[in-house]
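Accompanying notes for the structure given below.
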Protein chains: 2
Amino acid sequence: MQPRSKRTGRTGRPPRLSQQAIISAAEQLLAAEGADALSMRRLAKELASTPMALYHHVRDKDELLLLLLEAHAQRMPRPELPEDPRERLIAAGQVLHDVLADCPWIVEVLASDDLMAVSALWIVEAMVDAAIKCGLTPEQAVDAYRIIWYYTVGELMVRVSRERRQADADRPSYRDRTFSMLAADEYPRLAALSDRWATLTAHDTHRQGLETVVEGLLARA
Amino acid sequence: MQPRSKRTGRTGRPPRLSQQAIISAAEQLLAAEGADALSMRRLAKELASTPMALYHHVRDKDELLLLLLEAHAQRMPRPELPEDPRERLIAAGQVLHDVLADCPWIVEVLASDDLMAVSALWIVEAMVDAAIKCGLTPEQAVDAYRIIWYYTVGELMVRVSRERRQADADRPSYRDRTFSMLAADEYPRLAALSDRWATLTAHDTHRQGLETVVEGLLARA
DNA sequence: ACCTGAACACCGTTCAAGT
DNA sequence: ACCTGAACACCGTTCAAGT
């Protein structure tokens, strides 16, 4: 696995670093200290090397993040999807979500490209295929994929940022401050729900929303 | 409008800076040079002041961003929403989207809090109200709002990041490289669509997706 | 080919002092 | 009360040089 220099001339030293080693170290760092800790400089320190040595193996930080996403997607199990196209569409959407949900650092990558890693492309294929089998045209199927994708990205964004906020939990959230000041005449619905808002918006609605979105998408088939 | 010191003692100088002045300068900077240019240091330079002077008027950069969002939402016109609750729900979702869509720098704020500025809270009120009038329970209405919110955030994230990518358009997108290498036997649907993928995913599906999501939401009412 | 050291051009934020 | 200067603890990336 470890790439070696092709010519082992007398003066050439064996490479101390490799893309693999860098990716592994980055994964360890992410697991141990979270996304904020991952910087080129810190990573170099972790590898007992210098920042510039990394740039010999990855083009820039963006490429490193993409490589990390790729490695993560490759490791994920590829579950059998249901035969029924509707169930298949929902299941694929769920997998898409789950692949990304357990590596929250990925959100920065999400923003940087609108397409998954190659290793996750089978999910997109499954979704477009299922949508077509549900009676959508190929064009509608692509639109359906995009709508589900937007829903997924949004859910992840909000989920991750909430988790980060809870991490440094000292200061009261803007939301709490806002809801305690709600004028009941101007915002009757929100005021009526204000004390339950935190709990109502805390429970996980991803799956339910996914099913809802699919229901809407197939209604036009 | 300009806050003045209450005691104008002989030794007290008139304040050179104010929250208002800082916000205005930040808006100008954002308009002129985009989100990346907005830093506390740069902003101080623009105001012919020092970074630390800013911290006397805003707590930190997060608060500044929140104040900017608030100011933006306040300026937005508040359109009359349709009476019909279903149309009302869609229209409110559209406004929510539009308020955010024309200030792409906001995406960083979106991640940092799950609730809108106070000035945009009327949209949430309208959505929850419309959902209830459509026959949903208050709990379902909150879930409906959240699902639309996720969809909106995701659409904006992807939209903004695509626009940024096009800004520095030198390097070919990861997507293009990926799609040109697609194995037709492994990804039959995507391969069949590969040459049209760019155009199919370029057109704006926000509105259509919004209507679809609402359709799915109301199907269970 | 692979790596290092020093530098460039930045960040957000804190501290201690000035008027 | 309002502001300044200097500093702390970082960033990503480039350049020129070393073996």
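Below, chain A is the first sequence line, B the second, and so on; all start at residue 1.
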Could you tell me which residues satisfy salt bridge (charged side-chain N to carboxylate O under 4.0 Å, His left out) with [X], sequence neighbours excluded, listed by chain and number?
X: A:Arg207; value: A:Glu211
X: B:Arg159; value: B:Glu155, B:Asp204
X: A:Glu27; value: A:Arg75

Which residues satisfy the side chain to side chain donor-acceptor pair (under 3.5 Å) test with A:Tyr150, sequence neighbours excluded?
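Partners of A:Tyr150 under the side chain to side chain donor-acceptor pair (under 3.5 Å) test: A:Arg146.
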
With sequence neighbours excluded, what pairs up with B:Gln28 under the side chain to side chain donor-acceptor pair (under 3.5 Å) test?
none

Would you say D:dA1 has OP1 or OP2 under 4.0 Å from some side-chain N or O of B:His57?
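No, B:His57 has no side-chain N/O under 4.0 Å of OP1/OP2 on D:dA1.
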
Would you tell me if any nitrogen or oxygen in the side chain of A:Ser49 comes within less than 4.0 Å of OP1 or OP2 on C:dT4?
yes

[N] [atom2] sits how many Å from [X] [atom1], rounded?
X: A:His56; N: C:dG5; atom1: NE2; atom2: P; result: 15 Å
X: B:Leu54; N: C:dT14; atom1: CG; atom2: C1'; result: 14 Å
X: A:Arg16; N: C:dC2; atom1: CZ; atom2: C1'; result: 10 Å

Taking only N/O atoms, report every protein-nucleotides 9-13 of chain C pair under 3.5 Å with atom names and distance.
from: C:dC11; atom 1: OP1; to: B:Ser39; atom 2: OG; distance (Å): 2.8
from: C:dC11; atom 1: O5'; to: B:Ser39; atom 2: OG; distance (Å): 3.4
from: C:dC11; atom 1: N4; to: B:Arg41; atom 2: NH1; distance (Å): 3.4
from: C:dC11; atom 1: N4; to: B:Arg41; atom 2: NH2; distance (Å): 3.4
from: C:dG12; atom 1: OP1; to: B:Met40; atom 2: N; distance (Å): 3.4
from: C:dG12; atom 1: OP1; to: B:Lys61; atom 2: NZ; distance (Å): 3.1
from: C:dG12; atom 1: OP2; to: B:Met40; atom 2: N; distance (Å): 2.9
from: C:dG12; atom 1: N7; to: B:Arg41; atom 2: NH1; distance (Å): 2.5
from: C:dG12; atom 1: O6; to: B:Arg41; atom 2: NH1; distance (Å): 2.6
from: C:dT13; atom 1: OP2; to: B:Tyr55; atom 2: OH; distance (Å): 2.8
from: C:dT13; atom 1: OP2; to: B:Lys61; atom 2: N; distance (Å): 3.2

Contiguous pairing runs of three or more, Watson-Crick or G-U under 3.5 Å, that involve DNA chain D
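When the pairs of DNA chain D are grouped into runs of at least three, the stems are C:4-8 with D:12-16, C:12-16 with D:4-8.
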
Per the salt bridge (Lys or Arg N to Asp or Glu O under 4.0 Å) rule, what does the pair list look like for residues 31-41 of chain B, sequence neighbours excluded?
B:Glu33-B:Arg42

Would you list the pairs meeting salt bridge (Lys or Arg N to Asp or Glu O under 4.0 Å) in which at least one residue belongs to residues 190-203 of chain A, sequence neighbours left out?
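Only A:Arg196-B:Glu139 qualify under salt bridge (Lys or Arg N to Asp or Glu O under 4.0 Å).
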
C:dA16 versus D:dC3 - spacing of their C1' atoms, nearest Å:
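After rounding to an integer number of Å, I get 13 Å for this pair.
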
Given the P atoms of C:dC8 and D:dA9, what is the spacing between them in whole Å?
22 Å

Classify the ring geometry between B:His206 and B:Tyr151 as parallel (under 30°), tilted (30 to 60°) or perpendicular (over 60°).
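Judged by the thresholds at 30° and 60°, the geometry between B:His206 and B:Tyr151 is parallel.
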
